[in-house]
Amino acid sequence: MTGIDLYGSVHKAQRARLFALVVAAGRTDPHDDAAAAQVAAVAAALAAELHEHGEHEDQFIHPLLARYAPELAASLAAEHRDLDGALAALTRAAARREPAGAESLHRVACRFTATYLAHLEREEGESMPALWAHATQDELAGVLVAFRSARTELENVTSLLGQLATLTPREAATMVAAAFDPATLYETRELLTGLLPAPQLAALHDSWPGARNG
Ligand SMILES: [Fe+2]
């Protein structure tokens, strides 16, 4: 049985941002101080966010996973600890200004991305199927409710907006419909128009009162 996916949408956005970081770091001239500082700031912010994301999974997903697949939960928790070391290396690489002989931010970001992709594959390919096999839909929904309740409304909306452009049109429409009432959604139409690719935007149109006429 499948159902509520605890990983898919947020992981799509994380992959997109890691790939963008790798491309940006690869084309940035390390002697261009402004450009180097900009890509370093992006790397540091993403490293901090991914560390926090791992903590959220430890806190909200792993207790449920440990109930049904304790060895897998322990293994993924250990990977999170290892990833923290890799994230610290990424943060250090972002903080230094690439002195001669130092490994480039681009290479560190590539290595971290390779490690992180393998971790996401285990969560989506092992953890989520284990939860679908054993947990109830109410338990899975409870994880989402507990997570969202622990964050501010602004954090939840910011996270949602950051994911929309990386989702399929159907996924984007489903998530927006669950998060906003139609009137609020209509109020955000200009923001979403600037944020989303045309297919994703078209999938939301039916939720916009008057959008067909306006
Ligand atoms: Fe994780």
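Everything numeric in this text was worked out from a predicted model, so none of it was measured.
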Taking the side chain as every heavy atom from C-beta outward, state whether [X] and [Y] have any pair of such atoms under 4.5 Å apart.
{"X": "L144", "Y": "L140", "result": "no"}
{"X": "L191", "Y": "L161", "result": "yes"}
{"X": "E171", "Y": "M175", "result": "no"}
{"X": "L72", "Y": "R122", "result": "yes"}
{"X": "Q200", "Y": "L164", "result": "no"}
{"X": "L50", "Y": "L18", "result": "yes"}
{"X": "Y7", "Y": "L120", "result": "no"}
{"X": "L76", "Y": "I61", "result": "no"}

I'd like to know if [Y] and [X] are part of one continuous hydrophobic network [Ile/Leu/Val/Met/Phe/Trp/Tyr, side-chain heavy atoms within less than 4.5 Å].
{"X": "L6", "Y": "V10", "answer": "no"}
{"X": "L167", "Y": "V157", "answer": "yes"}
{"X": "V108", "Y": "F19", "answer": "no"}
{"X": "L195", "Y": "V176", "answer": "yes"}

Specify the closest pair of heavy atoms between [X] and [Y], including all atoms of both residues, with the distance to one decimal.
{"X": "P169", "Y": "P199", "result": "CB-O, 3.5 Å"}
{"X": "T166", "Y": "K12", "result": "O-CD, 3.2 Å"}
{"X": "A77", "Y": "D58", "result": "CA-OD1, 4.4 Å"}
{"X": "A173", "Y": "A203", "result": "CB-O, 3.6 Å"}
{"X": "F60", "Y": "A150", "result": "CZ-CB, 3.6 Å"}
{"X": "T91", "Y": "A47", "result": "OG1-CB, 3.4 Å"}

Would you find a donor on one side and an acceptor on the other, under 3.5 Å apart, between the side chain of W132 and the backbone of Q137?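 No; judged by distance alone, with no hydrogens or angles, the pair does not exist.
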Can you confirm whether the side chains of S159 and E155 place a donor and an acceptor under 3.5 Å from each other?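 Side-chain D/A pair, S159 to E155: absent.
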Checking E79 against S75 for the side-chain hydrogen bond (donor to acceptor under 3.5 Å, both in side chains) test, could you report, in this order, the C-alpha distance in whole Å, the side-chain angles of both residues, the deciding distance, and whether it holds? CA-CA 6 Å; E79 279 195 11; S75 173; 4.8 Å; no
Candidate pair R15 and E124, rule salt bridge (Lys or Arg N to Asp or Glu O under 4.0 Å), full reasoning: CA-CA 13 Å; R15 289 184 180 97; E124 295 174 9; 3.2 Å; yes
As an exercise, state the distance from [atom1] of [X] to [atom2] of [Y], rounded to the nearest 0.5 Å.
{"X": "L204", "Y": "L196", "atom1": "CG", "atom2": "CG", "value": "6.0 Å"}
{"X": "H106", "Y": "L21", "atom1": "NE2", "atom2": "CG", "value": "9.0 Å"}
{"X": "L90", "Y": "T115", "atom1": "CG", "atom2": "OG1", "value": "11.0 Å"}
{"X": "H62", "Y": "R67", "atom1": "NE2", "atom2": "CZ", "value": "14.0 Å"}
{"X": "T113", "Y": "Q14", "atom1": "OG1", "atom2": "CD", "value": "11.0 Å"}
{"X": "Q38", "Y": "T28", "atom1": "CD", "atom2": "OG1", "value": "8.0 Å"}

Using the ring centroid of each side chain, check whether H80 and H56 are separated by less than 6.0 Å.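 No, they do not, as the ring centres are separated by 6.0 Å or more.
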Could you walk me through whether L65 and E57 satisfy the side chain to side chain contact (heavy atoms under 4.5 Å, CB included) test, starting with their C-alpha distance in whole Å, then the side-chain angles of each, then the deciding distance to 0.1 Å, before giving a yes or no? CA-CA 10 Å; L65 185 63; E57 289 179 341; over 6 Å; no
Option from V42, V39, V22 for which side chain to side chain contact (heavy atoms under 4.5 Å, CB included) with L105 holds: V39
For R170, look at atom CZ and say whether over 12 heavy atoms of other residues, nucleotides or ligands are found less than 6.0 Å away. no
Over 12 non-hydrogen atoms of neighbours within 6.0 angstrom of CZ in R151: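 Counting other residues, nucleotides and ligands, CZ of R151 exceeds 12 neighbours.
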Fit a plane to each ring of H11 and H53, take the angle between them on a 0 to 90° scale, and name the class: parallel (under 30°), tilted (30 to 60°) or perpendicular (over 60°).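 Taking H53 first and then H11, their aromatic rings stand perpendicular (interplane angle over 60°).
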Check the orientation of Y116 and H119. Use parallel for under 30°, tilted for 30 to 60°, and perpendicular for over 60°. tilted
